[in-house]
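Below: the structure, in structure tokens.
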Protein chains: 2
Amino acid sequence: MGISKTAYFSDRQNKIANIAKALGHPARIAIMEHLIKVDACICGDLVDELPLAQPTISQHLKELKQANLIKGNIEGSSVCYCIHKDTLVFLKEFLNQFNGDPKQNIFSCSKS
Amino acid sequence: MGISKTAYFSDRQNKIANIAKALGHPARIAIMEHLIKVDACICGDLVDELPLAQPTISQHLKELKQANLIKGNIEGSSVCYCIHKDTLVFLKEFLNQFNGDPKQNIFSCSKS
DNA sequence: TTATGTTATCGTAATATTGCAATATAACAA
DNA sequence: TTGTTATATTGCAATATTACGATAACATAA
């Protein structure tokens with residue numbers, strides 16, 4: 001990515017960007033959607049479900065975990081993953097900023 | 001980013017990932033937040049506002065425009081940018097999938 | 001015309017991401 | 001112990017992103 005000037009932005013802006021970045025890959029969207037469908041599953045289930053190799057899935061899970069989008073519970077020799085809703089709520093709150101007057105600012109913009 | 005197997009995922013999953021990826025940088029979050037604060041502004045305003053050079057801002061705006069997160073209106077020699085709410089609504093609808101029973105799946109997960 | 005203001009594009013260096021084979025690690029069974 | 005199963009880590013090639021100086025493209029003014 002080249003140098004990213006994260007230090008120049010607020011913690012909140014960096015946190016939101018980090019969550020969005022973690023969601024910025026179709027495999028990770030597919031993982032999130034599979035997790036919500038089955039409630040919780042292990043890495044191996046995702047390897048069967050998605051057209052990617054096990055190390056790749058594991059790496060994507062790590063990415064999602066780093067952003068707090070999922071949690072992993074160790075269950076014997078496997079790890080059970082599920083969604084961490086708090087983070088999704090946080091992201092939704094960011095999006096709610098953009099709910100202004102619906103009559104305004106929809107199909108045009110000017111600096112007037 | 002290396003080869004991204006986008007072809008293996010649905011159009012919808014790719015679209016969501018693309019929007020999220022566009023939001024996956026603090027400068028672009030800052031741009032979106034500035035745009036909502038002032039309703040609409042030109043590139044030069046953002047150059048004054050953010051600690052990045054003009055070509056960098058322009059590139060970030062292109063990224064946001066490509067994901068349909070903003071629109072640009074040419075006004076004389078400048079371009080007026082504003083938020084494209086439809087895309088944010090689309091992203092919010094994706095997040096709404098994750099609003100299951102609040103008593104379930106909050107602080108634990110198991111494959112039981 | 002020339003000059004100025006505004007934005008986009010090009011080129012490039014530094015760095016990050018993606019994907020996977022190979023391998024390591026860990027839990028458990030036999 | 002050995003073997004099996006499940007997941008994580010390492011190492012690497014291919015590719016993408018980030019940032020910015022230089023410059024191009026454009027509208028407008030003088």
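So that the names make sense, note that chain A is the first sequence line, chain B the second, and so on, each numbered from 1.
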- Query: Does the side chain of A/His60 get closer than 4.0 angstrom to OP1 or OP2 of C/dG19 through an N or O atom?
  - Reply: yes

- Query: What residues form a side-chain hydrogen bond (donor to acceptor under 3.5 Å, both in side chains) with A/Ser10, not counting sequence neighbours?
  - Reply: A/Gln13

- Identify which nucleotide among D/dA6, D/dA8, D/dG21 has an atom closest to any side-chain atom of A/Lys65, counting heavy atoms from C-beta outward. D/dA8

- Task: Hey, which sits more toward the 5' end of DNA chain C by its nearest nucleotide, A/Ala27 or A/Ile74?
- Result: A/Ala27

- Query: Would you call B/Ile31 and B/Glu49 a side-chain contact if the rule is heavy atoms closer than 4.5 Å?
  - Reply: no

- Using a cut-off of less than 4.0 Å, is there contact between a side-chain N or O of B/Thr56 and OP1 or OP2 of D/dC20? yes

- Message: Taking any heavy-atom pair under 4.0 Å as a contact, classify A/Ser78: base, sugar-phosphate, or nothing.
- Response: sugar-phosphate

- Regarding the side chain of B/Gln59, the nearest nucleotide among D/dC20, C/dG19, C/dA8 is D/dC20

- Note on the structure: A correct dot-bracket answer for DNA chain D, with pairs being Watson-Crick or G-U at under 3.5 Å, [ ] for crossing pairs and | for inter-strand pairs, is ||||||||||||||||||||||||||||||

- Note on the structure: Side-chain contact check for B/Pro55: nearest option of D/dA6, C/dT7, D/dA22 is D/dA22

- Among D/dG21, D/dA6, D/dT9, which nucleotide sits nearest the side chain of B/Ala53? D/dG21

- Just say parallel, tilted or perpendicular for the rings of B/His25 and A/Phe9, cut-offs at 30° and 60°. perpendicular

- Query: When the distance from CD1 of B/Ile57 to P of C/dA8 is rounded to whole Å, what number comes out?
  - Reply: 11 Å

- Query: Atom CD of A/Gln54 and atom C1' of C/dT25: how far apart are they, to the nearest Å?
  - Reply: 12 Å

- Task: Consider the side chain of A/Cys43, meaning its heavy atoms from C-beta on, and name the nucleotide among C/dG5, C/dT7, D/dT7 that approaches it most closely.
- Result: D/dT7

- Item | Lys/Arg-Asp/Glu bridge criterion (N-O < 4.0 Å) met for B/Arg28, B/Glu33 | no

- Query: Between atom OH in A/Tyr81 and atom C1' in D/dT7, what is the gap in whole Å?
  - Reply: 7 Å

- Can you tell me how far P of C/dC20 sits from OH of B/Tyr8, to the nearest Å? 8 Å

- Report yes or no: does B/Ser78 contribute a side-chain atom to a donor-acceptor pair with the main-chain N or O of B/Ile42 at less than 3.5 Å? no

- Query: Considering only side-chain heavy atoms of B/His25, which listed nucleotide, D/dT17, D/dA19, C/dA27, is closest?
  - Reply: D/dA19

- Would you indicate what B/Glu63 reaches in the nucleic acid, counting non-hydrogen atoms under 4.0 angstrom: base, sugar-phosphate, or nothing? nothing

- Between B/Phe90 and B/Lys15, is there a cation-pi geometry (under 6.0 Å to ring centre, at most 45° from the normal)? yes

- Can you tell me the distance, in whole Å, between the CG atom of A/Leu52 and the P atom of C/dG19? 6 Å

- Item | Gap between atoms CG and C1', on A/Asp45 and D/dT7 respectively (whole Å) | 13 Å

- Message: Side-chain N or O of B/Lys21 versus OP1/OP2 of D/dT17: is the shortest distance under 4.0 Å?
- Response: yes

